[in-house]
Participant: 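What follows is a single structure, and I will ask about it in a moment.
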Amino acid sequence: MDRTILQVSDLLALVNQTLEYAYPSVIVEGEVASFQLSRGKFIFFDLKDDTGAVGCFMMAFSLRQPLEDGMRVQIVAQPRLTTRGKFSLTVREVSPVGVGSIKRAFELLKAKLDKEGLFDPSRKRILPRIPKRVGLIASIESAGYADFIKILNHRWGGVAVDVANVQVQGVGAAQQMQNALDFFNQQAEPPEVLVLARGGGSADDLSVFNDEQLVRAIAGSRVPTLVGVGHEVDISLADLAADVRAATPSNAAQILVPDRHAFLAELAQRERRLSERMEGRVSEITRLVNTVASRMASRLDYVLNDRIKLVTQAELLLKQFDPKVVLQRGYSLVRDQKGNLVKDAAKITPGEMLTITTARAIIRAGVIDAKQN
Amino acid sequence: MPSKTEPSLQQQLAELDAVLAWFDRPDIDLDEALQKFDQGVKLAESAKAKLQRLENKISVLKQRFDQQV
């Protein structure tokens, strides 16, 4: 037997060293009892089952979901002796286990964050219609990731997607997603939208999306957020804090970008409208030209008719002065031997021969006497 | 990813809408209308071609997130 004499603190240090070597980290499941928050910084509680109990200590900032007595939890911790030689678990992470506990933690945190206004509809921002750059937070091995990318590629092109490959379930997942959110938010030129996607899973799997710090990071993101987690029926606090909630990762892709087929239809509709308007304009101008032409034609008609009427009238007038017409009425023309019309008695002498023309006869006659009429 | 000088699809759609709006004005000149019509058709065709050509660029970041950034 070793006779080395140890000081008390040396013993404690030795045991702790041994414990750390043997159990650097243990995962323990149990029920919370005697939960106590000290000075807002330190948390003490007992973890127990039917026959045993162990004291637990943790820093308040490490607590990511609400705890209360009676809740069933899983903790990640390191066993050690305190300076007073008391056995204790130093807890790094705690997460509720089982439907009842998860639901209880969810309700507690939901009420708290709701009161703070984190889920207010007035906080929600609108996503850009067609983002050029997107930050995707997902596990590249997950079905949710594959679904999202498939639908995205099917619907649209030209989007640059930066993928932050993170764990989306289990210990450390919430912290990784929160780190990815911070990473994108701290970029000099951050993406236009941050998408958090994860496919369906059990309540335990999805419980990381009810992590208080992750939910706060989503609500506090300066880049608008779109969260598509689980199936249609699963609602997480991450969903509620996001600017836009998608039912599933596929649905997130549908919300994120328009369908190129719909866009093509929109384009075709505009092309059709353009043609209609052009045709409309052409037929309008054609109608205008036709109206002017027919007005000109009718004006020309009017002028021509006018002229024709005038000519006809002149013709009638002229006819009335035709000497033949006058002779028909019984008048005669009297000419001297030179062929001049006899109008004056002074110009003729008795015995002179004259020619008398009637409508149907030419008569030669001698002058017996002539005096002024 | 489209270059900075190349107009985005949304810009092209907006330009197309502007052309359509131009046709709503009264007293438009036929020559100008033909030009606008040509411009509109070209816009629509180029947007369609682009839409079929574009592909998404997916890049997985090398950054690890298991430690605080």
Participant: Short question: side chain of A:Arg133, backbone of A:Glu192 - any donor-acceptor pair under 3.5 Å?
Facilitator: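 Here the side-chain-to-backbone pair does not exist.
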Participant: Rounded at 0.5 Å granularity, tell me how far CD in A:Glu93 sits from CG in A:Leu63.
Facilitator: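 A:Glu93 CD to A:Leu63 CG: 10.5 Å, rounded to 0.5 Å.
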Participant: With a 4.5 angstrom heavy-atom cut-off, is it the side chain or the backbone of A:Gln167 that approaches chain B, or both, or neither?
Facilitator: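 When you check distances to chain B, no heavy atom of A:Gln167 falls under 4.5 Å.
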Participant: Should we count OH of A:Tyr23 as having more than 12 external heavy atoms under 6.0 Å?
Facilitator: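 No, not enclosed.
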Participant: Considering only heavy atoms and a distance below 4.5 Å, find which of A:Val257, A:Asn153, A:Ile140, A:Leu136 pairs most often with chain B.
Facilitator: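 Greatest number of close heavy-atom pairs with chain B: A:Asn153.
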Participant: Does any backbone or side-chain atom of A:Ile137 lie under 4.5 Å from a heavy atom of chain B? Answer side chain, backbone, both or neither.
Facilitator: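 A:Ile137 has no heavy atom closer than 4.5 Å to chain B.
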Participant: Under 4.5 Å, counting heavy-atom pairs only, tell me which of A:Met177, A:Arg270, A:Glu266 racks up the most with chain B.
Facilitator: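 Among A:Met177, A:Arg270, A:Glu266, the one with the most close pairs to chain B is A:Arg270.
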Participant: So which part of B:Leu34 gets closer than 4.5 Å to some heavy atom of chain A, the side chain, the backbone, both or neither?
Facilitator: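 Both backbone and side chain.
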Participant: Measuring from A:Leu206:CG to A:Arg198:CZ, what's the distance to the nearest 0.5 Å?
Facilitator: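 Between atom CG of A:Leu206 and atom CZ of A:Arg198 there are 5.0 Å.
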Participant: Any side-chain donor-acceptor pair under 3.5 Å between A:Gln175 and A:Asn179?
Facilitator: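 Yes - a donor-acceptor pair under 3.5 Å links their side chains.
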Participant: Between A:Asp243 (side chain) and A:Thr225 (backbone), is there a donor-acceptor pair under 3.5 Å?
Facilitator: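 Pair found, side chain donor or acceptor close to backbone of A:Thr225.
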Participant: Most heavy-atom pairs under 4.5 angstrom with chain B, which of A:Glu284, A:Arg129, A:Met278?
Facilitator: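 Counting heavy-atom pairs under 4.5 Å, the top option is A:Met278.
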Participant: Answer with side chain, backbone, both or neither: which region of B:Leu16 has an atom nearer than 4.5 Å to a non-hydrogen atom of chain A?
Facilitator: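 Only the side chain of B:Leu16 comes within 4.5 Å of chain A.
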Participant: Chain B heavy atoms under 4.5 Å from A:Leu264: which part of the residue, side chain, backbone, both or neither?
Facilitator: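 Both backbone and side chain.
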Participant: Chain B heavy atoms under 4.5 Å from A:Ile285: which part of the residue, side chain, backbone, both or neither?
Facilitator: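 Side chain of A:Ile285 only, per the 4.5 Å heavy-atom cut-off to chain B.
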Participant: Do we see a donor-acceptor contact under 3.5 Å between the side chains of A:Ser236 and A:Asp239?
Facilitator: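 Short answer, yes.
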Participant: Heavy atoms only, distances under 4.5 angstrom: which of A:Ala164, A:Ala268, A:Gly280 has the most pairs with chain B? Name it, please.
Facilitator: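 Most pairs with chain B among the choices: A:Ala164.
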